[in-house]
Protein chains: 2
Amino acid sequence: MARIDRSLIAHMDVFAGLSPDDLDVILERANSSRIPKYKPVFEQEAEASRFFLLLDGTVRVVQTTKDGHQIIARYLGTGSIIGIAPAIGRTTYPASAIAAVDCVVLCWPMALWPELTARFPLFAANSYKAVGARLQETQERVIELSVAQVEQRVANAVLRLVRQIGRKSEDGLLIDFPISRQDIAEMTGTTLHTVSRLLSSWEDLGVIKSGRQKVTVTDPHRLMLISEGKKDG
Amino acid sequence: MARIDRSLIAHMDVFAGLSPDDLDVILERANSSRIPKYKPVFEQEAEASRFFLLLDGTVRVVQTTKDGHQIIARYLGTGSIIGIAPAIGRTTYPASAIAAVDCVVLCWPMALWPELTARFPLFAANSYKAVGARLQETQERVIELSVAQVEQRVANAVLRLVRQIGRKSEDGLLIDFPISRQDIAEMTGTTLHTVSRLLSSWEDLGVIKSGRQKVTVTDPHRLMLISEGKKDG
DNA sequence: TTCCAGACTTGCGTTAGCGCAAACTCGGCG
DNA sequence: CGCCGAGTTTGCGCTAACGCAAGTCTGGAA
């Protein structure tokens, strides 16, 4: 861990409040590595031997069920801490993390987790805060799955993606990594067919533009209305 | 906090690993109180002014959406720590907690949360572990809502309830607090009608017995098959 | 003991969304 | 430059589950 730009790292949420010296102690124990697009950072069920900080890129967190269904738990962007299995009382990873684009991560041996959290309570607190935030998001998703129709859920998912990792393009807000209909289906508990139909209808309405593994939102406001179940404006 | 039996408390998960002295310090700051059946321990959106340890009973954690839908996030039993909003980065309670039966709780002013977690890292870690466990459960629920049919979800919910807070009765495993069809519907993202139909059909099969706000599982194994989508045995 | 409200049951029509299947599109590789 | 296959679109029939409505049951209050 020598040639990574610290000024960026220092501002990441997990390190909030830490002194530069403390930061040094933590960072000098880390290794950085590149994860090419579509390669896993870690895999579900594997021994949780390392934890990671995403320095650049986006990862897709995926769970696979016994009967072969895949569910996208979430996308995580730059600055996210991932793979902290012990924080939720596990020794294996509960999900796989796949690079959605080329990524750069820092990683630490998991053996350092108890040590670092004990020595740097702020680091621990920040990490746990991330877990708490994920709990809240997940809970919101439960509510959505329980009470909202598919169209609203898909609209919401697209909006969330755009907000989290959207980029302005000439046509509107572009989701900044390849995402298929299947992916959106796995985020919303539906099928790629239904997603395709919905995206098509939205495209007819002029709310989005979409192509192969690409979605651009041209009328976010309208899409928000849809996500609230108000189909017409 | 004087007349509560410490031997029971000392064995609760949140206090695992703490010395008796540390435990004393924590407990002497607490107040105990009785929450009668159906009364709230705390309410969604309210300022999170206190956190609680459930000494006896069962609480129902409920979220209400803007459009008036209720969702039961989970049931928590004796030994659960609840209302720790700051652990997930909030200053208000994200949900309401309602006593499902007469309950006894300990409570601390929220102002003590930073102090106690800082002073007793094991207490902090145990609390955060609880958050982590809830994240995992919630995530599993997302998966279930995404891929499983209503019948499987309801079967699973009943099994979970029985496991968590079931009591042996002459007929089988009884869910040990009043639970309505509506409640089960709010746990599984369906309607009381559908739940009623399912329970009726299971009763015909001899898998359960049920009455007003009461469910007894007589054939857990069969119910498990149903929850796995294998309707026949 | 009677009454009542809240819990539950059940029939019926409707529909959102699934599953299958067939066709199309397009980016990249040979 | 043409082919190939993954990603996508779309039509069609089907069904799980909802929503409504009209009951029945039951435990506790009066």
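Numbered from 1 within each chain, the chains take letters A, B, ... in sequence-line order.
Distance CZ (R181(A)) to C1' (dC18(C)): 18 Å, rounded to an integer number of Å. Look at CG on L192(A): it is 11 Å from C1' on dC18(C), rounded to the nearest Å. Look at CD1 on I179(A): it is 16 Å from C1' on dA6(D), rounded to the nearest Å. The separation between K209(A) atom NZ and dT8(D) atom C1' is 18 Å, rounded to whole Å. Counting to the nearest Å, the P atom of dT15(D) and the CD atom of E151(B) are 16 Å from each other. Atom CH2 in W202(A) sits about 17 Å away from atom C1' in dT10(D), given to the nearest Å. Separating the CD atom of Q213(A) from the P atom of dG5(D) is a distance of 17 Å, rounded to the nearest angstrom. Counting to the nearest Å, the P atom of dA6(D) and the OH atom of Y38(A) are 13 Å from each other.
Side-chain atoms of H193(A) lie closest to dT9(D) of the nucleotides dT10(C), dC18(C), dT9(D). The side chain of T190(B) sits closest to dA17(D) out of dT10(C), dT8(D), dA17(D). Here the nucleotide nearest the side chain of S180(B), chosen from dT8(D), dC8(C), dT9(C), is dC8(C).
For S210(B) and dC8(C), the shortest distance from a side-chain N or O to OP1 or OP2 is not below 4.0 Å.
In this structure, the side chain of E45(B) does not engage the main chain of P94(B) through any donor-acceptor pair within 3.5 Å. Here the side chain of N156(B) pairs no donor or acceptor atom with the backbone of R153(B) at under 3.5 angstrom. In this structure a side-chain-to-backbone donor-acceptor pair under 3.5 Å is missing from R60(A) to A73(A).
Checking R197(A) against K214(A), the closest nucleotide of DNA chain D that is more toward the 5' end is the one next to K214(A). Comparing T194(A) and R212(A) against DNA chain C, the residue whose closest nucleotide sits nearer the 5' end is T194(A).
If you run side chain to side chain contact (heavy atoms under 4.5 Å, CB included) between V61(B) and each of I71(B), L76(B), I98(B), only L76(B) comes through.
Contact annotation for S196(A): base contact, defined as any heavy-atom pair under 4.0 Å involving a base atom.
The aromatic rings of F42(B) and Y93(B) lie parallel to each other, with less than 30° between the two planes, well short of the 60° mark.
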